[in-house]
Amino acid sequence: MADLQALADALIKGDRNKVAEMTKQAIADGVPAKDILEKGLIAGMAVIGRRFKANEVYVLEVLIAARAMKGGMEILQPALVKAGVEPIATVVLGTVKGDLHDIGKNLVGMMFTGGGLKVVDIGTDAPAEKFVEACKTSGAKLCAMSALLTTTMPQMRDVIKAIKAANVQVKTMIGGAPVTQSFADEIGADGYSADAASAVDLAKSLL
Ligand code: B12
């Protein structure tokens, strides 16, 4: 019988091949897809998130674990669809206009996926209209923005204004090295978090 704790451990170690192999085996053993996702892949990613938050692992380890998670997800996806397991919600994620930094954004996206959210990544240098359009077409419940430059932070305010003007019902959250809670309060964002691991908890609390 498949050992989901061992699957989680392989993901924590970032062993992509083992994660793929064990995911396949768990499906073959008839383990419900939802259990493989929640008790194997998401459980492993949650550990990585906690360790990252506590500075026990670095960005590179998170990226390697996320790559292993992606490999497992690709195998599990058809079984999830078949079992009717839906993502918790859709989140639109992008780096605001004028800003090309995407390492942090991608990390947040990986943690979102690891937390069971569907991510619509609109990339970098994304103008307000692109956020609004993506939220509308994807039916997202959350809109997450990243900025790494003090000069592009004001773009976040523009995105929030555009979302309100278009009357799109999404919660907004922001992050990036220069962003603070007080800036989030100032521009009317629904939430802010300082790192990718807390971003998942924040997203879930906003839903
Ligand atoms: C890598 C880097 C680049 C790379 C980007 C490559 C890429 N694909 O991203 C390149 C070389 C392209 C680059 C270019 C520039 N950069 Co640069 N860059 C950096 C650097 C060294 C690291 C950023 C990074 O990836 N950090 C690692 C990630 C994991 O951390 P993070 O992004 O902060 O993300 C975490 C959190 O902030 C949070 N988070 C991030 N996004 C989100 C979103 C949400 C919703 C949430 C909840 C959380 C969240 O979670 C993440 C994980 O925990 C920083 C210095 C630094 N120490 O930050 C400078 C830095 C950001 N860059 C800077 C500058 C000035 C520039 C340039 C203007 C340089 C130039 N003169 O051309 C250009 C601007 C280009 C542009 N238009 O965007 C300055 C910004 C100064 C300022 N206060 O505005 C910095 C701070 C360097 C410095 N000390 O001067 N840069």
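By convention here, the first residue in the shown sequence is residue 1. When a ligand or atom number is given, it counts from 1 through the structure's own listing order.
- What you find for A6 and M22 is that their closest heavy atoms are CB-CE, 3.2 Å.
- At a 4.0 Å heavy-atom cut-off, ligand 1 does not touch L93 at all.
- Under a 4.0 Å heavy-atom criterion, G98 is in contact with ligand 1.
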Got a list of side-chain donor-acceptor pairs under 3.5 Å for residues 77-99, not counting sequence neighbours?
| from | atom 1 | to | atom 2 | distance (Å) |
| --- | --- | --- | --- | --- |
| T95 | OG1 | H101 | O | 3.0 |
| D99 | OD1 | H101 | N | 3.1 |
| D99 | OD1 | H101 | ND1 | 2.8 |
| D99 | OD2 | L148 | N | 2.8 |
| D99 | OD2 | L149 | N | 3.2 |
| D99 | OD2 | T152 | OG1 | 2.7 |

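- Sorted by first and then second residue, the salt bridge (Lys or Arg N to Asp or Glu O under 4.0 Å) pairs involving residues 105-115 (not counting sequence neighbours) are K105-D121.
- Scanning both residues, V57 and I48, for their nearest heavy atoms gives CG2-O, 4.0 Å.
- Backbone and side-chain nitrogen or oxygen atoms of D102 are examined, and one is located within less than 3.5 angstrom of a nitrogen or oxygen of ligand 1.
- Between F52 and ligand 1 there is a heavy-atom distance shorter than 4.0 Å.
- Taking distance alone, with nitrogen or oxygen atoms compared against 3.5 Å, A177 approaches ligand 1 more closely than that limit.
- Among the atoms of A196, some N or O lies under 3.5 angstrom from an N or O of ligand 1.
- Considering backbone and side-chain N/O of S146, one or more are found under 3.5 Å from N/O of ligand 1.
- If you check each of I103, V108, N106 against atom 27 (C) of ligand 1, the one with the closest non-hydrogen atom is I103.
- M73 and V120 are not part of a single hydrophobic cluster, where members link through side-chain heavy atoms under 4.5 Å apart.
- Selection from G94, G176, G104, G109 by nearest heavy atom to atom 49 (C) of ligand 1 gives G176.
- The shortest non-hydrogen separation linking A33 to L76 is O-CD2, 3.9 Å.
- For D190 (side chain) and M173 (main-chain N/O), no donor-acceptor pair under 3.5 Å exists by modelled atom type.
- The list of salt bridge (Lys or Arg N to Asp or Glu O under 4.0 Å) pairs with a residue in residues 136-150, not counting sequence neighbours, is empty.
- Note: no N/O pair closer than 3.5 Å links V59 and ligand 1 by distance alone.
- With hydrogens and angles ignored, the 3.5 Å screen pairs no side-chain donor or acceptor of E133 with any backbone N or O of K130.
- Residue contacts with ligand 1: A194 is included, with a non-hydrogen atom under 4.0 Å away.
- Protein N, O or S atom count below 2.8 Å of atom 17 (Co) of ligand 1: the structure gives 1.
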